[in-house]
A.B. asks: 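Handing you a structure now.
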Protein chains: 2
Amino acid sequence: MADGYHHGNLRQALIDAGIKLINRDGEENLSLRRAAAACGVSHAAPYAHFKDKEELINAIKESVTEKFMKELEDAAEGCESADDALIYMGSAYITFFSKHPDYFVFLFGKQKITAHTQMNKENKNDYPPFLLIRQMYKKHLEEKNIELSEEEQEIGLIKVWSMIHGMASIACMKGVKTSFNWKDPDLRLLL
Amino acid sequence: MADGYHHGNLRQALIDAGIKLINRDGEENLSLRRAAAACGVSHAAPYAHFKDKEELINAIKESVTEKFMKELEDAAEGCESADDALIYMGSAYITFFSKHPDYFVFLFGKQKITAHTQMNKENKNDYPPFLLIRQMYKKHLEEKNIELSEEEQEIGLIKVWSMIHGMASIACMKGVKTSFNWKDPDLRLLL
DNA sequence: AACAATAACTTGACGCCGTAAAGATTATCC
DNA sequence: GGATAATCTTTACGGCGTCAAGTTATTGTT
């Protein structure tokens with residue numbers, strides 16, 4: 001990989017540049033040409049690594065999802081009980097999107113969430129953050145010896161996740177003011 | 001308003017065409033030029049009625065929000081108790097976005113929600129659907145003689161709204177399957 | 001009725017965008 | 001070392017938002 005013509009690691013550079021551009025200018029201002037320019041490369045160079053713009057965007061989503069997952073895992077680490085972990089994960093979930101409001105619509109808006117995630121066999125609830133919350137929720141039921149039917153479990157899980165997810169969504173809406181500091185890392189209003 | 005040169009009611013026609021285009025092709029395929037073409041008018045004609053694309057989009061958002069509000073009000077109508085009304089409004093909230101998944105990111109994604117809504121004096125919680133839920137929630141507290149501090153009320157309200165809103169958001173995510181039929185008009189899992 | 005002023009619309013142009021095709025340059029492999 | 005493949009550049013196309021200038025219809029004034 002000599003200097004000049006060949007970049008060396010353009011694929012990853014484009015992903016990193018894309019994240020920076022989204023953080024600075026918002027998703028709608030991310031273009032293939034800008035990302036290419038940020039990497040010091042011609043406007044058509046990305047097509048050697050990505051089929052189209054959507055493929056670059058999905059790669060960026062994967063990368064952002066990894067960061068998101070890491071914060072959730074870090075929040076759960078060191079908790080004594082599963083319901084403690086649930087609360088801290090929920091707080092981290094909300095805090096993450098409070099700090100990066102653009103990421104919410106970027107990750108969950110537009111097309112299928114599965115486009116940038118691996119599918120499991122049943123194609124069900126396969127989004128990694130949801131899997132994390134699901135397994136922590138089940139662990140919590142075990143710890144507290146709460147016995148629920150399959151459907152009751154599913155309902156309880158959906159309630160927990162939707163409340164957390166909904167708060168994250170609301171925290172991202174500029175112009176809707178609440179009396180909370182969503183960036184507080186310990187939001188004990190949950191559950 | 002003779003035939004030919006002058007359209008007569010281009011402003012509203014553009015809004016209607018915009019809604020149709022979003023319903024058929026999704027938000028990302030809505031362009032000023034397409035909307036203009038759908039109205040049989042030149043590509044720059046919209047600029048007589050809208051400052052830029054954003055202004056047209058905000059007008060469309062207002063129109064969609066009105067439809068949304070109407071479904072919420074219809075759901076609450078005829079309910080005997082306020083908490084019954086809350087449940088039916090919540091169901092309608094989720095059902096609305098289940099039927100039109102594109103509307104969720106269209107209404108709540110991107111820029112400020114206040115751009116297409118009137119501001120109240122305090123610039124607080126002024127999004128009409130939230131106001132509706134807020135007042136119904138307070139009515140419910142009164143009916144049941146539940147006395148809460150201002151902050152406790154705010155927390156309770158946020159919990160209810162975020163759970164409904166979160167379920168709506170989840171229902172819109174293609175690729176994340178749950179065992180619920182979100183289009184069921186009576187989702188009694190709530191609250 | 002005539003005419004000025006204004007609103008509504010068209011035409012043409014600009015730069016940015018995504019993408020495809022063809023050519024240039026470098027890396028890889030037998 | 002020479003073929004092959006991967007990577008990158010250049011050129012080109014149509015669609016986009018937007019602006020400027022010109023055209024046509026409507027409205028208001030006398």
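Naming convention: chains lettered A, B, ... in sequence-line order (proteins, then strands); numbering from 1 in each chain.
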A.B. asks: What's the angle between the local helix axes at either end of the helix from C:dA1-D:dT30 to C:dC30-D:dG1, using five pairs per end and rounding to 10 degrees?
C.D. replies: 10°
A.B. asks: Measure from CG on B:Leu14 to C1' on D:dG17 and round the result to the nearest Å.
C.D. replies: 15 Å
A.B. asks: Could B:Glu154 and B:Arg134 be called an ion pair, given the rule that one side-chain N must be under 4.0 Å from one carboxylate O?
C.D. replies: yes
A.B. asks: Please state how far atom CZ in B:Phe50 lies from atom C1' in C:dA7, giving the value in whole angstrom units.
C.D. replies: 15 Å
A.B. asks: A:Ser162: what forms a side-chain hydrogen bond (donor to acceptor under 3.5 Å, both in side chains) with it, not counting sequence neighbours?
C.D. replies: none
A.B. asks: Scan residues 54-89 of chain B for pairs that pass ring pair (Phe, Tyr, Trp, His ring centres under 6.0 Å), counting only residues two or more places apart or in two chains.
C.D. replies: B:Phe68-B:Tyr93, B:Phe68-B:Phe96, B:Phe68-B:Phe97
A.B. asks: For a 4.5 angstrom cut-off between non-hydrogen side-chain atoms, does A:Asn181 reach A:Asp184?
C.D. replies: yes
A.B. asks: Nearest whole Å is fine: how far is C:dG15 P from A:Asn29 CG?
C.D. replies: 19 Å
A.B. asks: Quick check, are the ring centers of A:Phe108 and A:Tyr127 under 6.0 angstrom apart?
C.D. replies: yes
A.B. asks: Within the structure provided, determine whether B:Phe104 and B:His165 are in side-chain contact (heavy-atom separation under 4.5 Å).
C.D. replies: yes
A.B. asks: By side-chain hydrogen bond (donor to acceptor under 3.5 Å, both in side chains), which residues pair with B:Asn23, not counting sequence neighbours?
C.D. replies: B:Tyr103
A.B. asks: What donor-acceptor contacts under 3.5 angstrom involve side-chain atoms of residues 30-48 of chain B, with partners at least two apart or in another chain?
C.D. replies:
unit_1	atom_1	unit_2	atom_2	d
B:Ser31	OG	B:Arg34	N	3.0
B:Arg34	NE	B:Asn29	O	3.1

A.B. asks: Go along nucleotides 18-23 of chain C 5' to 3' and tag each nucleotide: B for a protein heavy atom under 4.0 Å from its base, S when only backbone or sugar atoms are that close, - otherwise.
C.D. replies: BBB--B
A.B. asks: Rounding to an integer number of Å, can you tell me how far A:Asn9 CG sits from D:dT7 P?
C.D. replies: 11 Å
